[in-house]
Amino acid sequence: MTRQSIILVAICLAVAGVGDARAQPLTKAQQKCVGALNKDLTKVDAAVTKQIAGCLKNHVGGKPLSKSDPTLVTLEDCVVADEKGKIDKAAQKTIADFQKACVGTDKGGVSRFPPYAATDASTVNSAGAVKTVDLSHDIFGADLDSGVLLTASTDKVGAKCQQGVWRAATKCQSTRLKEFISCAKAAFKSGSVVSAEELENQCQGGVDAPQPDE
């Protein structure tokens, strides 16, 4: 499992933007924009994670990967599918929230879109769609249909172990995302960060300063 997957695409999104030449605290409207996009990212990611979990569960049980779509016969196709349309629904919410919270200016005439800590709806949705798929490849290999993933009929104990690893990894990744978002929200509110670099240093952590864990 690579550090990049665990540290999360969301962190890259959150620190995107201009450098310290325009360092400044975010306005309340800009904080609202960032908060909305971060929330939407978690929703898209959760929908994708649920889709993948269903694929893996059916594989382990030796069942068809999909009850509704007989064309989904490989795990690689299954994990990027959107059988119930929930991923698309979450993505559409991102687009709507971006228009509502990030477009235009606030009452003071200042742009609602912040100079750092946010990106466009398409990038948010793309990140949410690939983050957990990438994690599955980090754990089980580049090809999920290579035979590495076991079934209960061939190795019950091994298959159970793999499922346990997957649940733990996705829970860890989800927790780290939530902790980063929580840290960023508090930092914006207090004004303790005024640039992308400061946000990264304070909330992402590194070798010498682990990611904050409240």
Side-chain angles (χ1 to χ4, degrees), residues 1-14 38-91 93-94 124-183 203-207 210-214:
M1 189 187 315
T2 66
R3 183 177 184 272
Q4 182 179 7
S5 291
I6 293 299
I7 293 299
L8 307 168
V9 175
I11 293 176
C12 297
L13 296 179
N38 281 340
K39 183 177 180 180
D40 290 331
L41 175 66
T42 64
K43 295 293 184 181
V44 174
D45 177 58
V48 174
T49 301
K50 190 171 183 178
Q51 169 68 24
I52 297 176
C55 297
L56 298 181
K57 182 179 179 180
N58 288 336
H59 171 77
V60 169
K63 301 176 181 178
L65 296 180
S66 171
K67 295 181 180 179
S68 60
D69 188 353
T71 66
L72 292 179
V73 295
T74 69
L75 281 167
E76 287 294 333
D77 286 339
C78 187
V79 297
V80 296
D82 186 14
E83 295 179 71
K84 299 181 179 180
K86 292 186 176 181
I87 299 172
D88 181 65
K89 183 178 180 180
K93 182 67 163 53
T94 305
V124 172
N125 285 333
S126 294
V130 304
K131 184 164 65 64
T132 307
V133 175
D134 287 346
L135 180 62
S136 71
H137 289 138
D138 287 340
I139 297 174
F140 301 118
D143 183 2
L144 301 179
D145 297 292
S146 66
V148 171
L149 281 162
L150 305 171
T151 63
S153 62
T154 57
D155 187 342
K156 186 175 182 179
V157 174
K160 184 177 181 180
C161 175
Q162 287 181 335
Q163 291 298 294
V165 169
W166 177 248
R167 286 192 295 271
T170 53
K171 185 176 182 179
C172 175
Q173 182 164 256
S174 176
T175 299
R176 295 196 71 165
L177 172 56
K178 291 177 182 178
E179 287 299 305
F180 178 83
I181 291 174
S182 177
C183 176
C203 294
Q204 177 177 337
V207 176
Q211 181 183 354
D213 183 9
E214 297 180 1

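Rounded to the nearest 0.5 angstrom, Thr170 OG1 and Ile139 CD1 are separated by 7.5 Å. One distance of note links CG of Leu41 with CG of Leu177; it measures 5.5 Å at 0.5 Å rounding.
Every residue meeting the side-chain contact (heavy atoms from CB on, under 4.5 Å) condition with Ala91, not counting sequence neighbours, appears here in chain and number order: Asn125. Among residues two or more places apart in sequence or in another chain, the salt bridge (Lys or Arg N to Asp or Glu O under 4.0 Å) test is passed with Lys93 by Asp97. The side-chain hydrogen bond (donor to acceptor under 3.5 Å, both in side chains) check on Thr49 picks up Thr132, with sequence neighbours excluded. By the side-chain contact (heavy atoms from CB on, under 4.5 Å) test, Asp145 is found to be paired with Thr74, Leu75, Glu76, Asp143, residues two or more places apart in sequence or in another chain being considered. In this structure Asp45 satisfies the salt bridge (Lys or Arg N to Asp or Glu O under 4.0 Å) test together with Lys131, sequence neighbours excluded. Residues satisfying the side-chain contact (heavy atoms from CB on, under 4.5 Å) criterion with Ala46, sequence neighbours excluded, are absent altogether.
Put simply, the side chain of Asn38 never gets that close to the backbone of Ile181: no donor and acceptor are under 3.5 Å apart. With hydrogens and angles disregarded, no donor-acceptor distance shorter than 3.5 Å links the side chain of Asp77 to the backbone of Ala81. Side chain of Thr175 to main chain of Lys171: a donor-acceptor pair is present (N/O by atom type, distance under 3.5 Å, no hydrogens or angles).
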Indicate every side-chain donor-acceptor pair of residues 162-169 with a distance under 3.5 Å to a residue at least two apart or in another chain.
unit_1	atom_1	unit_2	atom_2	d
Gln162	OE1	Leu150	N	2.8
Gln162	NE2	Val148	O	2.8

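Val73 and Leu65 make their closest contact through C-CD1, 3.7 Å (heavy atoms, listed as atom of the first residue, atom of the second, distance). Phe180 approaches Gln204 most closely through the heavy-atom pair CE1-N, 3.9 Å. Nearest heavy-atom pair, Leu72 versus Ser66, reported as atom, atom and distance to 0.1 Å: CD1-CB, 3.9 Å. Scanning all heavy atoms of the two residues, the minimum distance from Pro212 to Cys203 falls at CD-O, 3.4 Å.
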- Can you list the steps and then say if Arg176 with Cys172 is a side chain to side chain contact (heavy atoms under 4.5 Å, CB included)? CA-CA 6 Å; Arg176 295 196 71 165; Cys172 175; 4.2 Å; yes

- Query: Should Val124 and Val44 be marked as a side chain to side chain contact (heavy atoms under 4.5 Å, CB included) after you check the CA-CA gap, both sets of side-chain angles, and the distance that decides it?
  - Reply: CA-CA 9 Å; Val124 172; Val44 174; 5.8 Å; no

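The stretch residues 51-64 participates, sequence neighbours left out, in these side chain to side chain donor-acceptor pair (under 3.5 Å) pairs: Gln51-Glu83. For residues 55-90, every residue pair satisfying the disulfide (SG to SG under 2.5 Å) rule, not counting sequence neighbours, is listed here: Cys55-Cys78.
With a 4.5 Å cut-off on side-chain heavy atoms, Thr151 and Val60 do not count as touching.
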